[in-house]
Amino acid sequence: MTNGNKYVVRQPIKDLQGIALGYEIRYTGENSGYAGDAGQDFMAADAIYNFLTQTTDKSLSGALNFMTFTVNLLMKHTPRLFRPEDLVIQVDDNVIIHPLAMRFVEKYAAEGYKVAANEFQFLPRYVSNLDRFDYIKINFRTTTDSGMRNIIEMAHEMGKKCIATNIDTEELYQKAHMMEVDAMEGRYVAEKMFTAVHSSSYLQSNFFRLLIAITKDEPDVEEIEQIIAMDATLTYSLLRIANSAYFALRNRATDVHQGVTILGLTQLRQWIYLMGCTKENGDLDSSHEEMLKLSFTRGTFASELHKFVKKLPISRNDAYLMGMFSTLHHLIAAPLEEILEDIPVAQEVKDALINHEGLCGKLYDLILSYERADWAEINRLGEELGLPMDRLPTIYFQCLDEVNSIWQQIMEVNEAAK
């Protein structure tokens, strides 16, 4: 890092069914420990501590968060910013070899916190501490096959859960699956482990017709209402959304016209994924929840960053759609290029999503880089786009907070309708 910015990002950890077990909170300098300059390490710890003080209660509660703690963060009692049921304390080699640090870890474990060993190795210092860990994380990119098998077998015999990390390819995913790990994380896990909700024939469906109609420059409200009205699932989904606590209505919407009026075209564009994924009974397939959350987060993040990019050739609403539509191929089993061909969204959005071209492509790539915790790319693209780099973590977690709020409303509506 050359400019001193401290970024924080949340990445999903999923079980073998694709359901989120929790999230890893990654931040710049997380593996520094006591290596290098101690003053810089304390400064990094201070930056992360101050950030978490402001955000923990908002965006990081209510989920299982895996976070790497350096010696300094442990000594600053940073784990206590989280409730024990919300946190897994991850430790690296520099903590495991540090007697004082491990005493801190033991104290937190006694208070109910779970503990994970990062990049576990088949070495005496790791094996001798195995009983102190609840989770064993194995780097599938650097550990030998025999080493993986030995670690997983030993961990499972002792009742520990194994998490495969750096699962960035289909090949590594298949290997982790074959070795029967309990969960995985990595680029492939975050972006690719989604089963399409609908087949490619869905391109001729009422949902796709609605998607086209709603993204026209001048949408025809009557056409939109007719498309929804002829589809029982879309009608049901629309009324559930319109009558949710999110819109705080005094009177219930009872027909499609009222539902469309309440949402408005802008809101309808933003909620369209939910309408496409909701089943006739109003339920959401749990394996697709993460895809929906990712869509909402990308859309919200792109919309917020739009404020800061000068000469961006699309509107803020188009920026939101760019983030949302980036996962369309997970909603419909067809190439993204084919899906976008008939959707009347801005050409700059299509160029960004398909070919990563133009200023919009740079914004899209920055969002992807942030998800991957690619700190160098974040710096490069952020500076090219003229973004307020020191504010990116706050903006990102404000977006997560907004998405969490929306998601809570979705879950409340689903529960209320059962």
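Reckoned from all heavy atoms, side chains included, excluding hydrogens, waters and symmetry mates. Small disclaimer: the values here were computed from a predicted structure and weren't measured.
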Problem set entry | Whether Tyr396 and Tyr370 hold their rings parallel, tilted or perpendicular, with breakpoints at 30° and 60° | tilted
Problem set entry | Main-chain N/O of Leu340 paired to Lys350 side chain as donor or acceptor, under 3.5 Å | yes
Problem set entry | Salt bridge Glu185-Arg26, side-chain N to carboxylate O under 4.0 Å | no
For this session: May I have the step-by-step check of side-chain contact (heavy atoms from CB on, under 4.5 Å) for Met67 and Leu87, ending in yes or no?
Result: CA-CA 7 Å; Met67 182 174 176; Leu87 180 67; 4.2 Å; yes
Exercise. More than 12 heavy atoms of other residues, nucleotides or ligands under 6.0 Å from CD of Glu357: is that the case?
Worked result: yes
For this session: Show your working on side chain to side chain donor-acceptor pair (under 3.5 Å) between Asn166 and Asn139 and close with a plain yes or no.
Result: CA-CA 6 Å; Asn166 289 299; Asn139 188 336; 3.0 Å; yes
For this session: Classify the ring geometry between His177 and Tyr173 as parallel (under 30°), tilted (30 to 60°) or perpendicular (over 60°).
Result: perpendicular
For this session: Determine, step by step, whether Glu170 and Gln174 satisfy the side chain to side chain donor-acceptor pair (under 3.5 Å) criterion, reporting the C-alpha distance in whole Å, the side-chain angles of both residues, the deciding distance to 0.1 Å, and the verdict.
Result: CA-CA 6 Å; Glu170 169 72 18; Gln174 294 296 343; 2.5 Å; yes
Exercise. Where the side chain of Asn150 meets the backbone of Ser146, is there a donor-acceptor pair that is under 3.5 Å apart?
Worked result: yes
Problem set entry | Minimum-distance pair of heavy atoms, taken over all atoms of Phe325 and Leu336 | O-CD1, 3.6 Å
Exercise. Once you round to the nearest 0.5 Å, how far does CG of Leu239 lie from CD1 of Ile228?
Worked result: 9.0 Å
Seminar exercise, completed: SG of Cys360 to CD of Glu348, rounded to nearest 0.5 Å, is 6.0 Å
Exercise. Should Glu377 and Arg380 count as an ion pair when the cut-off is N to O under 4.0 Å?
Worked result: yes
For this session: Mind listing the closest non-hydrogen atom pair of Thr68 and Leu73 along with its distance?
Result: O-CD1, 4.1 Å
Exercise. Would you say the side chain of Thr300 lies within less than 4.5 Å of the side chain of Tyr320, judging by non-hydrogen atoms?
Worked result: yes
Exercise. Looking only at heavy atoms, what is the nearest atom pair of Phe140 and Leu172, with distance?
Worked result: O-CD2, 3.6 Å
Exercise. So do the side chains of Leu387 and Val309 get within less than 4.5 Å of each other, counting heavy atoms only?
Worked result: yes
Seminar exercise, completed: Correct closest heavy-atom pair for Met324 and Ser295 would be SD-O, 3.2 Å
Problem set entry | Basic-acidic side-chain contact under 4.0 Å: Arg10, Glu371 | no
For this session: Give a yes or no on whether the backbone of Ile314 and the side-chain of His306 come within a donor-acceptor separation of less than 3.5 Å.
Result: yes
Exercise. Under 3.5 Å, side chain of Asp92 to main-chain N/O of Asn118, donor-acceptor pair present?
Worked result: no
For this session: List the steps and the verdict of ring pair (Phe, Tyr, Trp, His ring centres under 6.0 Å) for Tyr108 and Phe69.
Result: CA-CA 12 Å; Tyr108 292 128; Phe69 288 84; 7.5 Å; no
For this session: Would you mind reporting whether Leu359 and Leu363 have side-chain heavy atoms less than 4.5 Å apart?
Result: no
For this session: Determine whether Leu74 and Ile89 make a side-chain contact, defined as any pair of heavy atoms from C-beta on separated by less than 4.5 Å.
Result: yes
Problem set entry | Donor-acceptor pair, side chain of Lys160 and main chain of Phe133, under 3.5 angstrom | yes
Problem set entry | Non-hydrogen side-chain atoms of Ile214 and Leu265 separated by less than 4.5 Å | yes
Problem set entry | Neighbour count >12 (heavy atoms, 6.0 Å) for atom CD, Glu384 | yes
Exercise. Under the 3.5 angstrom rule, does the side chain of Asp401 hit a backbone N or O of Phe397 as a donor-acceptor pair?
Worked result: no
Problem set entry | Thr165 backbone acceptor or donor facing Lys137 side chain under 3.5 Å | no
